[in-house]
Amino acid sequence: MSLTDDETEIRGLIDRWAKAVHAGDMEAVLADHADDIVMFDVPPPNEVRGLAAYRDTWPVFFEYQKRAVFEVVTLEVTAGSDVAFAHALLRCGTEEGFRRDPDSRLRLTLGLRKQDGRWTVAHEHHSFPLAID
């Protein structure tokens with residue numbers, strides 16, 4: 001199955017974002033996010049609204065990322081003419097953590113909208129599976 005131009009564009013946006021997260025490049029992390037982004041995150045604050053608040057969540061993670069892995073493993077994108085969603089699994093953790101749990105994956109879900117001919121992330125959700133005994 002071939003990808004549409006929009007799906008290809010969104011895949012590129014997510015790939016650039018993941019590389020920017022790993023590099024600690026704040027401007028590139030923010031580049032394709034809407035001013036009114038809503039994010040649900042793993043560490044508190046679990047709900048973040050607006051680009052300024054989204055920006056404020058990254059410095060602590062960038063410090064952690066200096067000794068960690070952050071890479072897209074799987075990615076699926078579905079795009080309409082002006083809205084799209086994507087979901088992915090990422091390797092996110094330290095090598096020590098992966099020795100304990102090599103299959104650990106961060107789940108990422110994005111909601112995007114096309115504004116002025118360009119895709120922007122309007123919703124971002126990160127989560128790790130929680131084993132319940």
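A quick note: this is a predicted structure, and the numbers were derived from the prediction, not measured.
When every heavy atom of Leu75 is checked against every heavy atom of Ala86, the shortest pair comes out as CD1-CB, 4.1 Å. Closest approach of Ala79 to Ala84, counting heavy atoms only: CA-CB, 3.6 Å. Contact detail for Val121 and Ile37: the closest heavy-atom pair is O-CD1, 3.6 Å. In this structure, Phe98 and Ser104 approach most closely via the heavy-atom pair CE2-O, 3.5 Å. Residues Pro59 and Met26 come closest through the heavy atom pair CD-CE, 3.9 Å. Between Leu106 and Ser127, the shortest heavy-atom distance links the atoms CD1-O, 3.4 Å.
The hydrophobic clustering, which links ILVMFWY residues whose side-chain heavy atoms are closer than 4.5 Å, places Val73 and Val77 apart. Hydrophobic clustering of Ile, Leu, Val, Met, Phe, Trp and Tyr side chains at less than 4.5 Å, counting indirect connections, unites Val72 with Trp119. Under the 4.5 Å side-chain heavy-atom criterion for grouping Ile, Leu, Val, Met, Phe, Trp and Tyr, Val38 is not connected to Leu110 through any hydrophobic cluster. The cluster map of Ile, Leu, Val, Met, Phe, Trp and Tyr, joined by side-chain heavy atoms under 4.5 Å apart, puts Tyr64 and Val29 in the same cluster.
Of the N and O atoms on the side chains of His22 and Gln65, at least one donor lies less than 3.5 Å from an acceptor on the other residue. At a cut-off of 3.5 Å, with distance as the only test, no side-chain donor of Thr94 or Arg67 sits close to an acceptor on the other residue.
Partners of Arg11 by side-chain hydrogen bond (donor to acceptor under 3.5 Å, both in side chains), not counting sequence neighbours: none found. Partners of Trp58 by side-chain hydrogen bond (donor to acceptor under 3.5 Å, both in side chains), not counting sequence neighbours: none found.
Cation-pi geometry between Arg105 and Phe128 is not met at under 6.0 angstrom from the ring centre and within 45 degrees of the axis.
His125 has its side chain out of reach of Arg107: every pair of non-hydrogen atoms, C-beta onward, lies at least 4.5 Å apart. Counting heavy atoms from C-beta outward, Glu7 and Glu76 have side chains that stay 4.5 Å or more apart. Put simply, the side chain of Asp32 does not reach to within 4.5 Å of the side chain of Thr120, judged on heavy atoms.
Screening Asp5, Asp82, Asp6 against Lys114 for a salt bridge (Lys or Arg N to Asp or Glu O under 4.0 Å) leaves a single residue, Asp6.
Remark: Thr74 OG1 to Leu108 CG distance equals 10.0 Å, nearest 0.5 Å. To the nearest 0.5 Å, the span separating CG on Asp101 from CG on Asp103 amounts to 6.5 Å.
Proximity of a side-chain donor or acceptor of Glu63 to a complementary backbone N or O of Val60 within less than 3.5 Å is not detected. Thr109 contributes no side-chain N or O that, together with a main-chain N or O of His87, makes up a donor-acceptor pair within less than 3.5 Å.
Taking a 6.0 Å sphere around CG of Asp36, one finds it holds more than 12 heavy atoms contributed by other residues, nucleotides or ligands.
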For Leu112 and Leu13, run side chain to side chain contact (heavy atoms under 4.5 Å, CB included): C-alpha distance rounded to whole Å, both residues' side-chain angles, the deciding distance at 0.1 Å, then the answer. CA-CA 11 Å; Leu112 302 98; Leu13 178 156; 4.2 Å; yes

List the steps, then state whether side chain to side chain contact (heavy atoms under 4.5 Å, CB included) holds for Val69 with Glu71. CA-CA 6 Å; Val69 174; Glu71 61 190 20; 3.8 Å; yes

Glu96/Arg100 under salt bridge (Lys or Arg N to Asp or Glu O under 4.0 Å): CA gap, chis, key distance, verdict: CA-CA 7 Å; Glu96 177 183 309; Arg100 286 191 309 273; 3.1 Å; yes

Please walk me through it: do Phe85 and His123 pass ring pair (Phe, Tyr, Trp, His ring centres under 6.0 Å)? CA-CA 9 Å; Phe85 71 91; His123 174 82; over 10 Å; no

Expected list for residues 46-54: side-chain donor-acceptor pairs under 3.5 angstrom, two or more places apart:
residue, atom, partner, partner atom, Å
Asn46, ND2, Asp41, O, 3.3
Asn46, ND2, Val42, O, 3.0
Glu47, OE2, Arg49, NE, 2.7
Glu47, OE2, Arg49, NH2, 2.9
Tyr54, OH, Trp17, NE1, 3.2
Tyr54, OH, His33, NE2, 3.0
Tyr54, OH, Glu124, OE1, 2.9
Tyr54, OH, Glu124, OE2, 3.1

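Lys19 has no carboxylate O lying under 4.0 Å from a charged side-chain N of Asp25, or vice versa, which leaves the two without a salt bridge.
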